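Notes follow the structure.
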Amino acid sequence: MLYREAGQFKTTYAADQQLFPIRQDRIGVITLLLIAFIGVPLFASEYWFSAILIPFLIFFLAALGLNILTGYAGQLSLGSAAFMAVGAYAAYNFQLRIEGIPILISFLCGGLTAAAVGILFGLPSLRIKGFYLAVATLAAQFFIVWCLTKFPWLSNNSSSGVISTQQLIIFGHELKTPTEKYLLVLSIVVVLALAAKNLVRSSTGRAWMAVRDMDVAASVIGIRLMPTKLLAFAISSFYCGVAGALYAFCYLGSVEPDGFSLDMSFKILFMIIIGGVGSIMGSFLGAAFILLLPILLDVLLPFFAGLFGLPFSSATVSHIQILIFGALIMFFLIVEPHGLARLWQITKEKLRLWPFPH
Amino acid sequence: MSKKIGDVILDLQNISLRFGGVKALTDISFDVREHEIRSIIGPNGAGKSSMLNVINGVYHPQDGKIFWHGQERRKMEPHMAAQQNIARTFQNIALFKGMSVLDNIMTGRITKMKSNFIEHALWFGRAKNEELEHRRKVEEVIDFLEIQHIRKTPVGRLPYGLQKRVELGRALAAEPSMLLLDEPMAGMNVEEKQDMCRFILDVNDQFGTTIVLIEHDMGVVMDISDRVVVLDYGKKIGDGLPDDVKNNEDVIRAYLGAGH
């Protein structure tokens with residue numbers, strides 16, 4: 001009843017093409033943003049910011065980057081963590097070697113460096129597709145991590161490539177508290193997510209999806225495959241690079257190359273598979289599922305164990321947590337192979353008609 | 001028919017195409033005149049689709065020359081055909097399954113869009129205006145093909161006949177001067193075929209689009225074509241007005257077999 005677009009008539013194409021054409025969606029998004037920017041800082045504790053919300057937003061950004069490449073442009077990649085590493089180390093080096101460069105410019109340059117590296121490792125996509133391309137991007141994963149360990153210059157000669165990030169100073173003000181860092185990360189993520197939403201509804205996004213769905217037809221229509229694919233690699237890597245810079249500067253403060261391992265790439269890939277391939281909402285839901293669910297289970301399991309008086313040791317709890325987590329992944333993939341975003345979409349379609357079946 | 005057929009705009013001379021040892025096309029020459037409906041017919045495997053792929057640059061013939069508006073064409077990539085205003089549909093539907101009807105047809109206008117990805121990301125100025133301006137054109141195509149009711153539907157959910165229509169829409173959105181149709185009526189029932197014929201004739205009549213058509217339904221071909229070329233085993237065995245082709249000995253033999 002609440003979610004119904006009856007009576008919302010579009011009289012211009014502009015009204016039909018706006019970002020959120022349905023009024024309830026607009027209200028929902030604005031409410032969510034208000035909560036994120038104002039409500040959360042008022043109530044959340046320091047632990048929430050530094051252990052849950054900041055990493056969640058950063059991984060949402062990385063998943064968004066991968067979703068642009070894999071979900072929209074159809075190019076499978078296993079190198080997301082490596083591109084995050086490039087972003088982190090590049091931002092560190094820009095900050096280190098250029099006197100007085102603003103931190104946001106460093107992040108931007110980190111993203112652009114990652115984009116350049118992404119284009120380089122995207123070149124094989126012009127010849128190979130699917131799993132074979134995934135193997136080629138796997139090369140990026142190993143090569144970049146090796147590079148960062150091998151060349152001490154990149155980590156300013158620190159042992160085993162560990163870098164400790166510089167202070168976060170924005171307009172002369174140093175960000176120290178988790179709340180401030182959270183607001184910085186949130187602002188960057190919101191801007192980039194809106195940009196991604198705009199990209200995928202424009203002809204850039206249509207070109208990506210055309211290449212994904214049927215590349216021969218796309219080229220016959222006049223889409224040039226090479227620039228289209230490389231642009232997807234560049235923008236995807238840019239997003240991952242910025243996420244990496246935020247990961248180093250706002251989340252951990254000190255990172256090493258091995259931290260950006262294949263495991264992390266897989267984690268990001270699982271986020272978009274579970275959340276929904278080819279959907280911005282999917283990146284959001286996927287990141288939430290993969291990052292927040294284990295934490296939730298961590299809290300809930302001992303609570304229920306206590307409730308029923310079961311003598312669970314903490315080791316048992318963590319085993320059960322992994323069991324339940326794995327079972328839930330399978331459950332959701334069986335219920336809806338297209339991911340949580342599709343479930344959300346189906347729910348919305350049902351809500352539009354509710355309480356009637358048709 | 002009262003329409004005016006113009007000069008030769010596409011002239012294919014002695015085209016040969018081989019894949020390894022397989023000769024797909026052997027020494028084929030024919031031309032296409034402006035504003036006409038030119039059909040290519042022939043039994044399965046005769047090389048009809050290969051012929052279309054040669055015309056729009058997907059395949060590159062080993063021998064022969066192609067003249068487009070009097071100019072000899074060098075080796076070209078498929079996207080260049082789109083820039084020269086040649087659009088096509090495919091034998092097996094080649095729509096973008098994950099996208100809505102509207103987005104599919106919008107994609108057909110991609111060569112006409114000038115804004116770059118940064119403008120798209122910011123949704124600012126030129127990007128926004130272009131989106132609106134092209135939407136208006138796309139809505140004209142949607143009106144023309146009578147598919148208003150499904151414009152927001154993902155094409156994967158549509159029945160076959162409508163998908164074929166959307167694919168025609170995507171080709172028309174580019175406002176092509178030449179339209180290559182590869183079996184647009186395959187697998188359709190009589191009503192859908194009649195609709196499709198009507199659309200093809202209207203496109204030809206209202207927009208003056210030159211049409212190169214591959215079709216197996218002889219009734220349709222003989223009714224709507226201005227001229228017909230017949231291929232068999234990669235060779236040309238007939239060329240001319242529909243009535244001439246119908247009575248051509250070689251053509252009858254190819255279709256009905258020897259002994260008749």
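Residue numbers start from 1 in every chain, and the chains themselves are labelled A, B, ... in the order their sequence lines are given, proteins ahead of strands. Not measured: the values here are computed from a predicted model.
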[atom1] of [X] to [atom2] of [Y]: how many Å apart, nearest 0.5 Å?
{"X": "B:Lys97", "Y": "A:Met209", "atom1": "NZ", "atom2": "CE", "value": "15.0 Å"}
{"X": "A:Met214", "Y": "B:Ile93", "atom1": "CE", "atom2": "CD1", "value": "9.0 Å"}
{"X": "B:His79", "Y": "A:Thr228", "atom1": "NE2", "atom2": "OG1", "value": "9.5 Å"}
{"X": "B:Glu131", "Y": "A:Arg201", "atom1": "CD", "atom2": "CZ", "value": "7.5 Å"}
{"X": "A:Ser203", "Y": "B:Arg109", "atom1": "OG", "atom2": "CZ", "value": "12.0 Å"}
{"X": "B:His120", "Y": "A:Ile235", "atom1": "NE2", "atom2": "CD1", "value": "10.5 Å"}

Within a radius of less than 6.0 Å around [atom1] of [X], do more than 12 heavy atoms belonging to other residues, nucleotides or ligands occur?
{"X": "A:Arg26", "atom1": "CZ", "answer": "yes"}
{"X": "A:Lys348", "atom1": "NZ", "answer": "yes"}
{"X": "A:Lys350", "atom1": "NZ", "answer": "no"}
{"X": "B:Tyr160", "atom1": "OH", "answer": "yes"}
{"X": "B:Phe19", "atom1": "CZ", "answer": "yes"}
{"X": "B:Arg157", "atom1": "CZ", "answer": "no"}
{"X": "B:Arg135", "atom1": "CZ", "answer": "yes"}
{"X": "B:Glu72", "atom1": "CD", "answer": "yes"}

In terms of heavy-atom proximity below 4.5 Å to chain A, should [X] be classed as side chain, backbone, both, or neither?
{"X": "B:Ile118", "result": "neither"}
{"X": "B:Asp103", "result": "both"}
{"X": "B:Lys112", "result": "neither"}
{"X": "B:Met106", "result": "both"}
{"X": "B:Arg136", "result": "both"}
{"X": "B:Phe90", "result": "side chain"}

Leading residue by heavy atom contact count with chain B [cutoff under 4.5 Å; candidates [options]]:
{"options": "A:Val216, A:Leu192, A:Val220", "value": "A:Val220"}
{"options": "A:Ile221, A:Leu19, A:Leu194", "value": "A:Ile221"}
{"options": "A:Asp213, A:Leu231, A:Val191", "value": "A:Asp213"}

Where do A:Ile223 and B:Thr107 land on the side-chain contact (heavy atoms from CB on, under 4.5 Å) test, with the steps shown first? CA-CA 9 Å; A:Ile223 296 170; B:Thr107 314; 3.9 Å; yes
Quiz prompt | Trace of the side-chain contact (heavy atoms from CB on, under 4.5 Å) decision for A:Met226 with B:Glu77 | solution = CA-CA 12 Å; A:Met226 186 173 85; B:Glu77 297 300 317; over 6 Å; no
Against chain A, work out which of [options] has the most heavy-atom pairs shorter than 4.5 Å and name it.
{"options": "B:Ala173, B:Ala81, B:Ala171, B:Gly98", "result": "B:Gly98"}
{"options": "B:Ile110, B:Thr111, B:Ile86", "result": "B:Ile110"}
{"options": "B:His134, B:Glu130, B:Glu119, B:Glu139", "result": "B:Glu139"}
{"options": "B:Ala127, B:Gly57, B:Ala94", "result": "B:Ala94"}

Can you check whether B:Trp123 reaches A:Lys197 side chain to side chain, under 4.5 Å on heavy atoms?
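Heavy-atom side-chain distance check fails, nothing below 4.5 Å.
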Check whether any side-chain heavy atom of A:Asp16 sits under 4.5 Å from a side-chain heavy atom of B:Lys152, and report yes or no.
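Result yes, sub-4.5 Å side-chain heavy-atom pair found.
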In terms of heavy-atom proximity below 4.5 Å to chain B, should A:Ala218 be classed as side chain, backbone, both, or neither?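 Interface part for A:Ala218: both.
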